[in-house]
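Read the structure below first, then the notes.
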Amino acid sequence: MCGIVGYIGHKNATSILLDGLKRLEYRGYDSAGVALLENGDFRVFKEKGKIVEVEKLLSKKKIHSSIGIAHTRWATHGEPSKINAHPHLSFDKRIALVHNGIIENYRILKKNLQSKGFQSISDTDSEVLANLISYYYQNDLEEAVRRALKDINGTYGILVMAKDNPNMIIGARHGSPIVVGIGEKEMFVASDVSAIVTYTKSVIYLDDNEIVAVTQNEYRTTSLSAYTVEKDIQEIDWDIDDITKGGFDHYMLKEIHEQVDTVQNAFRGRLNWDEATAKLGGIPEEVFLTTERVIITACGTSYYSALVGEYLLEELAEIPTEVEYASEFRYRSPIIKKGTVVFVISQSGETADTLAALREAKRKGSKVYGITNVVGSTIARETDGGVYTHAGPEIGVASTKAFTSQITILLLIALSFARRRRMSHQRGLEILRNLVNLPHSIKQILENSNKLKQLAKKHAKSSNMLFLGRHINYPVALEGALKLKEISYIHAEGYPAAEMKHGPIALIDENMPVIVIATDSNILEKVISNIQEVKARKGRVIAIATEGNHSIQELCEDVFYVPKVLDIVSPILNVIPLQLFAYYVAVERGCEVDQPRNLAKSVTVE
Ligand code: M6R
């Protein structure tokens with residue numbers, strides 16, 4: 001949560017920081033601010049609302065500074081306001097700080113600092129840390145940060161500057177990511193690489209409890225206890241084009257369209273046609289041979305892809321599989337015995353709850369494998385191995401391409417288990433053939449987007465919607481409802497189609513659009529019966545059906561057709577019309593699609 005960026009070098013810091021903030025805006029957008037050091041004084045500009053508000057403030061000033069830090073906020077402590085926006089200055093104005101995370105013991109620290117003359121003017125926990133650093137600061141900023149961090153409980157990714165030291169930025173991490181970008185006579189520090197990829201591709205990632213002291217020409221990484229830590233420099237393998245809108249009105253729409261390629265990227269180089277299976281180097285052979293039970297844990301959209309994974313692993317490989325919200329798993333004393341393997345799924349690789357679940361599973365002795373998108377992310381680094389989705393940066397707050405890539409990887413994992421245990425060569429080949437046809441089928445769906453646009457227009461004024469699906473498409477119904485809620489603020493519920501009669505059916509009347517996933521499967525007839533139940537109560541059914549199923553039109557107000565694929569592959573296709581429908585409804589309602597209210601892209605707080 002929150003985006004932070006810092007610059008020290010020989011160029012104008014203002015434009016680099018504003019540019020970085022704009023690329024980080026998806027991490028939080030309720031207020032923003034910039035602190036620059038000019039002629040031995042801090043110049044701080046902050047405002048409630050989006051980054052453009054800070055940009056307006058800065059456009060009226062001429063500032064000559066080549067060192068600064070900046071922040072875009074997703075509020076945890078203290079309402080979104082100018083005063084609570086970062087950067088925070090210490091009471092004596094010697095220290096400027098931006099912080100991503102939560103300081104749990106800030107109340108007691110605040111009280112102690114107040115008794116020493118360090119008042120707080122905001123409601124935030126972060127300002128307390130600025131005061132604490134100032135309290136310890138004599139002439140060694142790194143040491144002052146180190147001492148202050150030893151006093152706090154909680155999580156942080158911070159950047160700190162001192163008024164009397166225009167040659168240094170200190171960064172530190174515990175729980176919230178920090179990456180250092182290495183340039184030519186300039187350095188960048190940020191919460192994620194998207195803020196700095198325009199300027200450099202050589203980066204180092206801090207690990208928890210590490211501090212970096214950055215000057216114009218060098219960086220030094222140490223542990224919290226001041227031991228030197230050697231870090232490997234890594235090269236980012238994507239560039240700025242991957243994080244621009246590329247001619248689309250919104251990132252979300254661009255990312256929906258990218259699925260033609262991203263699904264392919266997920267299986268590219270990972271298909272073994274000779275053996276009719278997948279090649280997944282990040283998961284040891286032993287896992288596929290000896291695992292007796294799988295637990296998958298994740299949050300949000302990644303949790304729904306995990307639910308699809310449960311069907312895949314049980315149906316294809318007959319491995320008992322449980323799926324848990326990471327936020328519940330971590331506090332639930334999960335039973336992990338020999339033979340159990342845990343998978344965590346996270347697009348960002350930084351979700352705090354998922355990370356905590358990973359650590360809990362490891363603490364209990366389990367091997368943990370990850371399905372992540374962001375290379376070098378904390379979850380990717382802390383797992384025992386895993387598979388990258390290679391979907392490229394996902395900027396839209398509403399996750400789309402990550403979902404289809406995760407399911408593709410889960411299918412490859414299930415296939416790998418199944419082929420070593422029970423699945424025939426022929427069935428394996430059938431699945432591979434279906435996989436390689438997916439990009440073509442996705443393209444076909446996207447070419448029919450207009451139909452979904454019209455449907456969105458028709459239903460955009462609704463206050464509620466139901467999404468129904470069964471079996472492996474039940475999680476797709478959940479994901480369709482989540483997409484609509486997130487970006488259009490229409491109340492929507494996903495339900496197993498047959499479960500509807502046990503309660504939600506009471507909601508159905510002539511004003512209730514009910515979107516039913518009714519693609520070909522061996523339970524299609526059952527789904528049709530569920531459609532009849534909705535129809536009998538005057539509900540307005542929109543079906544997602546398989547091409548060629550003409551009879552379904554008689555039952556439904558509208559039908560959107562998708563190409564025919566194996567049932568177990570169908571979630572990858574079926575979710576795409578739901579993503580597009582949610583997108584067009586949100587646009588129709590004038591909502592801010594890429595930055596829905598109250599949300600942020602990656603939730604790095606508990
Ligand atoms: O980065 P992660 O996959 O760990 O994120 C998990 C959720 O926070 C995320 O999927 C969230 O639910 C999205 N806003 C869904 O669109």
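For ligands, and for the atoms within them, numbers begin at 1 and follow the listed sequence.
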Using a strict cut-off of 4.0 Å, indicate which atoms of ligand 1 neighbour a heavy atom of Ser302. 2 (P), 3 (O), 10 (O)

Between Ser570 and Val565, which heavy-atom pair has the shortest distance, and what is it? CA-CG2, 3.7 Å

Should Thr354 be counted as touching ligand 1, given the test is an N or O pair under 3.5 Å? no

Return the closest protein heavy atom for atom 6 (C) of ligand 1 as residue, atom name and distance. Cys299 O, 3.3 Å

Which residue supplies the protein heavy atom nearest to atom 1 (O) of ligand 1, what is that atom called, and how far is it? Ser348 OG, 2.7 Å

Please round to the nearest 0.5 Å and tell me the distance separating atom CG of Asp558 and atom CD1 of Ile544. 10.0 Å

Going by the atom numbers of ligand 1, which of them fall below 4.0 Å from some non-hydrogen atom of Ser399? 15 (C), 16 (O)

Whether Phe343 and Phe417 hold their rings parallel, tilted or perpendicular, with breakpoints at 30° and 60°: perpendicular

Starting from atom 8 (O) of ligand 1, which protein heavy atom do you reach first, and at what distance in Å? Val603 CG2, 4.1 Å

Quick check for you: to the nearest 0.5 Å, what is the distance between Glu588 atom CD and Gln454 atom CD? 11.5 Å

May I ask you to decide if the ring planes of His174 and Tyr156 are parallel, tilted or perpendicular, using 30° and 60° as cut-offs? tilted

Hey, are Lys362 and Glu382 close enough for a salt bridge, meaning a charged N less than 4.0 Å from a carboxylate O? no

Val397 neighbourhood, listing ligand 1 atoms whose heavy-atom distance to it stays under 4.0 Å: 13 (C), 14 (N), 16 (O)

For atom 12 (O) of ligand 1, find the nearest protein heavy atom and state the residue, atom name and distance (0.1 Å precision). Gly300 CA, 3.3 Å

Note: ligand 1 atoms sitting under 4.0 Å from heavy atoms of Lys483 are 15 (C), 16 (O)

What is the minimum heavy-atom distance between Val374 and Ala380, and which atoms define it? O-CB, 4.1 Å

Closest protein heavy atom (residue, atom, distance) for atom 10 (O) of ligand 1: Thr301 N, 3.0 Å

Of all the non-hydrogen atoms in the protein, which one sits nearest to atom 13 (C) of ligand 1, and at what distance? Glu486 OE2, 3.4 Å

Check whether the side chains of Ser191 and Asn100 place a donor and an acceptor atom closer than 3.5 Å, and report yes or no. no

Pick, from Thr389, Leu482, Thr351, the option with the minimum heavy-atom distance to atom 4 (O) of ligand 1. Thr351

Give the ring-plane orientation class for Tyr199 versus Phe188, where under 30° counts as parallel, over 60° as perpendicular and anything between as tilted. parallel

Does an N or O anywhere in Ala398 fall below 3.5 Å from an N or O of ligand 1? no

At a 4.0 Å threshold, what atoms of ligand 1 neighbour a non-hydrogen atom of Ser346? 1 (O), 2 (P), 3 (O), 4 (O)

